[in-house]
K.L.:
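Dropping the structure in here first, questions after.
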Protein chains: 2
Amino acid sequence: MNLTQATDYAFRAVLYLARKGKGEVVEAQEIAGRENIPLRFLLKILRQLGQAGIVKSYRGVGGGFSLAKAPEEITLLDVVEAVEGPVKINRCLIDPQYCTSQRGGRCAIHRELSLIQNDIIARLGTVSFKKILEREQAF
Amino acid sequence: MNLTQATDYAFRAVLYLARKGKGEVVEAQEIAGRENIPLRFLLKILRQLGQAGIVKSYRGVGGGFSLAKAPEEITLLDVVEAVEGPVKINRCLIDPQYCTSQRGGRCAIHRELSLIQNDIIARLGTVSFKKILEREQAF
DNA sequence: AAAAACAATACTATTTTAGTATACTTTGGA
DNA sequence: TCCAAAGTATACTAAAATAGTATTGTTTTT
């Protein structure tokens, strides 16, 4: 029932870029330094965020990363899925070959877990980075 | 964002006992066989459920396990916590020593995750095994 | 063309997961 | 009384996931 460290880093990297605004390009090194994230690991994560269309990258001298969308268009769910793949609280719910109950994912437990999983996904989808920025201002 | 296989087995073992009713003693071997769970692994899990006060064990010939409470008094949350310990979607939220943001768990991201975590815990706490049994009957 | 920045792939150490093995204790019944 | 059936306790282990690191390559600006 855990998000990975990589996802936590991703959240903070996206928030960092969100503070700068949609277009602004920032070097990975700056984010790594400010957010206490190992540079090479951050680069790997930023590439995943890039493939998901959350950030854009610019190579060469003066390059870096910027948000590819406005902060209100990016949710925690988007970032989780970009880094970890589809959210699943039980592997059985995604891939029936792992359903050790031998009931093809149709037992009462797995139906219930499926509902809870849907709630979690919906909940993560309601939190945009614009919202997080606003809450941050409030302090 | 995953429950472990052990937790999944625990859910099914408790449901199996719940079907029998509160007092009835069932051998681990029977549960293992019916639910497709490795026996020794199940015994380990049942011991954890025992320490959490969810099941009672009986040793010796004719021994086994029974529910220690009525099915309506046992929730998915109880079982998750018995097997995995406290629910935490980010280790930083429980143990600040792991908070790599260097902000003592007080950044905007971690506040938001904390709210979501509370929702998940509340949600798991609303699903009792009585409820699951009832849903099962409905099929 | 040199240097700065990201890209891609492969590798590695650590931790967690998912069990297994071994030896022991309790209990009921022949 | 003693033995077999059941759970207890501790230690061990293989495989997978996590959290990085290393190396080499490509793009872009000056």
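Given the structure is predicted, the values throughout are model-derived calculations rather than measurements. Computed over heavy atoms, backbone and side chain alike; hydrogens, waters and symmetry mates excluded. Sequence lines set the chain letters: A, B, ... in the order given, protein chains first and strands last, and positions in each chain run from 1.
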K.L.:
Output yes when a side-chain donor or acceptor of A:Q117 lies under 3.5 Å from a complementary backbone atom of A:I89, and no otherwise.
P.N.:
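Yes; judged by distance alone, with no hydrogens or angles, the pair exists.
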K.L.:
Closer to the 5' end of DNA chain D via nearest nucleotide, is it B:L43 or A:A6?
P.N.:
B:L43
K.L.:
Closest approach to the side chain of B:F41, judged atom by atom: which nucleotide of C:dA8, C:dA18, D:dA19 is it?
P.N.:
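Taking heavy atoms from C-beta onward, the closest nucleotide is C:dA18.
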K.L.:
With distance as the sole test, does B:N118 use its side chain to make a donor-acceptor pair with the main-chain N or O of B:L115 at under 3.5 Å?
P.N.:
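Side chain of B:N118 to backbone of B:L115, a donor-acceptor pair under 3.5 Å: no, none is there.
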K.L.:
Could you please name the option among C:dA18, C:dT27, C:dA7 that lies closest to any side-chain atom of A:F65?
P.N.:
C:dA7
K.L.:
If I take atom CZ in residue B:R47 and atom C1' in nucleotide C:dC24, what distance separates them, rounded to the nearest angstrom?
P.N.:
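One finds 12 Å between C1' of C:dC24 and CZ of B:R47, rounded.
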K.L.:
Identify whether any heavy atom of A:G60 sits under 4.0 Å from a base atom; if not, whether one sits that close to sugar-phosphate; answer base, sugar-phosphate or nothing.
P.N.:
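Since a base atom lies under 4.0 Å of A:G60, the category is base.
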K.L.:
Determine whether a donor-acceptor pair (one donor, one acceptor, N or O, separation below 3.5 Å) exists between the side chain of B:R59 and the base of C:dT25.
P.N.:
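Yes, the side chain and the base share a sub-3.5 Å donor-acceptor pair.
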K.L.:
Working to the nearest 0.5 Å, report the span between CG of B:L133 and CZ of B:R135.
P.N.:
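Interatomic distance, B:L133 CG to B:R135 CZ, rounded to 0.5 Å: 12.0 Å.
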K.L.:
Remember a base hit wins even if backbone is also touched, and classify A:G50 as base, sugar-phosphate or nothing at under 4.0 Å, heavy atoms.
P.N.:
nothing
K.L.:
Taking atom C1' of C:dG19 as reference, at what distance in whole Å does atom CD1 of B:I45 sit?
P.N.:
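About 10 Å, once rounded to whole Å.
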K.L.:
DNA chain C: B:T7 or A:E27, which has the more 5' nearest nucleotide?
P.N.:
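The residue mapped nearer the 5' terminus is A:E27.
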K.L.:
Give me the ring orientation class for A:F129 and A:F11: parallel if the planes are under 30° apart, tilted from 30 to 60°, perpendicular past 60°.
P.N.:
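Rings of A:F129 and A:F11: tilted, as their planes differ by 30° to 60°.
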K.L.:
Between D:dT8, D:dT24, D:dA4, which nucleotide has the shortest distance from any of its atoms to the side chain of B:S57?
P.N.:
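Nucleotide nearest to B:S57's side chain: D:dT8.
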K.L.:
Checking contacts here: which listed nucleotide (C:dA4, D:dG20, C:dG28) is nearest the side-chain heavy atoms of A:V61?
P.N.:
C:dA4
K.L.:
Looking at the base of C:dT22, is there any donor atom on it, or on the side chain of B:R40, that sits under 3.5 Å from an acceptor on the other one?
P.N.:
yes
K.L.:
With respect to the phosphate group of D:dT29, does any side-chain polar atom (N or O) of A:Y58 fall under 4.0 Å of OP1 or OP2?
P.N.:
no
K.L.:
From B:L15 CG over to B:E136 CD, what is the distance, rounded to the nearest 0.5 angstrom?
P.N.:
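So the CG of B:L15 and the CD of B:E136 are separated by 5.0 Å.
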K.L.:
Report the nucleotide, chosen from C:dA8, D:dT21, C:dA18, that has the shortest atom-to-atom distance to any side-chain atom of B:T4.
P.N.:
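So the side chain of B:T4 is nearest to C:dA18.
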K.L.:
By nearest nucleotide on DNA chain D, pick out whichever of B:V26 and B:K44 is the more 5' one.
P.N.:
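Per heavy-atom nearest nucleotide, the more 5' residue is B:V26.
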